[in-house]
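Structure record follows, encoded as structure tokens.
Chain identifiers are assigned alphabetically (A, B, ...) following the order of the sequence lines, protein sequences preceding nucleic acid strands; residue numbering begins at 1 within each chain.
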Amino acid sequence: MTNGRGTRWARRWVALYTRRLPEVSAQRRQGEIESDIWEHLSDTTNPHRSQLAITERWLRGIPADLAWRHQTLRQHRQLGRRTGVSTAIAGTRRLAQSLGRLVALAAIIVGLVLIPGIVAADNALARVLVALASAACVAGGVLFLVGLDRFAGRRSTVYRRAGWILFTAGFLLPTSLQLVLVALSLAALLAALNREKPTPGDAGVDLTDPELTPAS
Amino acid sequence: MRRRPGAVLPLEQEILSAGVGYATSGNGEFHGYELARLLQDVSDARRLTGHGTLYKALSRMEQAGLLDSHWEDPQIAADEGRPRRRLYRVTGAGASTLSKLQAERAVRTRPEQGLAPT
């Protein structure tokens, strides 16, 4: 097969205008032109004339080649933008779900770890507080996990709403109980401090002692 | 100038016409250079269609669903010692589009028929 000047120019041009295009589009166009040139050359008995014809076809097709490149790039960018955005959203969602599951599992574990503390607590109030904290962590974690799963996995509006409720309850239950527990603990602490505050009578000073009583 | 969606250019109509004509005589599939020769014969042109013009039209027609294409079996090309061909064929939508265009053209070229008194 003759590899004349026209053929070389046509090939170089194809390589040039398919640069930085999506691989599929570029390879397809290069393959088509390569096949076309080969068929053209094998279809003629005059190689010189066929080189001229190929050069002519190449030159006449340049505006259409440039328009095709522009169109292909535009389509590719539009597709890439859409795919990129949806991929980014999906990636963020997956990351948030993984983090949510980790937090929920951690809450459940903390709740389970607190169970022996219910028995070990030395007074009734402490037992109640530890039991509440344990139940809040376990229930909150389970609700959060179920809600997250329902919320993320379903497209149905009913399921999504139910998921949202569970998800929010799972988040709010331990948080609100935590606040209640903190408030109760602070109240207990303040009460204990007030109770243990030394008064003049507690100091063991007998105010009726005649030695301490000023002489009249 | 932006093209009207669904508009078929004269070259595309020629491609459809050549493709449908080829389908009735052969296996229905044709490659780029073969089509360029067909178009030259049909339009009695002196030159073959430019590379860019031809393949851009084919690409657009495929996107519009008028044509269908695939690469031929690499073994066939290897056995014959040539590059692989991209084979095209006119789809059902392409054939019906051509029929519609031909019918419209027939009406346009004979407007007096049906209006003239018998």
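Within a 6.0 Å radius of NE2 in His70(B), more than 12 heavy atoms belonging to other residues, nucleotides or ligands are found. Environment of CD in Glu104(B): crowded, with over 12 heavy atoms of neighbouring residues, nucleotides or ligands closer than 6.0 Å. Crowding of His31(B) atom NE2: a count of heavy atoms from other residues, nucleotides or ligands under 6.0 Å exceeding 12.
A 4.5 Å side-chain heavy-atom check between Trp71(B) and Glu32(A) finds at least one atom pair inside the cut-off. Within the 4.5 Å cutoff, no side-chain heavy atoms of Val14(A) are placed close to those of His51(B).
Separating the CZ atom in Arg82(B) from the OG atom in Ser42(A) is a distance of 9.0 Å, to the nearest 0.5 Å. Note that CZ of Arg28(A) is 4.5 Å distant from CD of Glu62(B), once rounded to the nearest 0.5 Å.
Both the backbone and the side chain of Ile54(A) come within contact range of chain B, with heavy atoms under 4.5 Å apart. With a threshold of 4.5 angstrom between heavy atoms, Gln63(B) approaches chain A through side-chain atoms but not through N, CA, C or O. Only the side chain of Arg29(A) comes within contact range of chain B, with at least one heavy atom under 4.5 Å from a heavy atom of that chain. Heavy atoms closer than 4.5 Å to chain A are found nowhere in Ala57(B), neither backbone nor side chain.
Taking Leu66(A), Ile33(A), Asp43(A) one by one and counting their heavy-atom pairs under 4.5 Å with chain B, the maximum is reached by Asp43(A). Top candidate by heavy-atom pairs under 4.5 Å with chain A, chosen from Arg86(B), Glu34(B), Arg84(B), is Arg86(B).
Contact between Pro83(B) and Trp38(A) at its shortest, heavy atoms only, is CD-CG, 3.3 Å. Nearest approach of Ala64(A) to Lys56(B), heavy atoms of both residues: O-CD, 3.2 Å. Pairing each heavy atom of Leu54(B) with each of Arg57(A), the nearest pair is CD2-NH2, 4.0 Å. When all heavy atoms are compared, the tightest approach of Asp36(A) to Gly32(B) is OD2-C, 4.0 Å.
Of the charged side-chain nitrogens involved, at least one lies within less than 4.0 Å of a carboxylate oxygen, so that Arg85(B) and Glu39(A) count as a salt-bridged pair.
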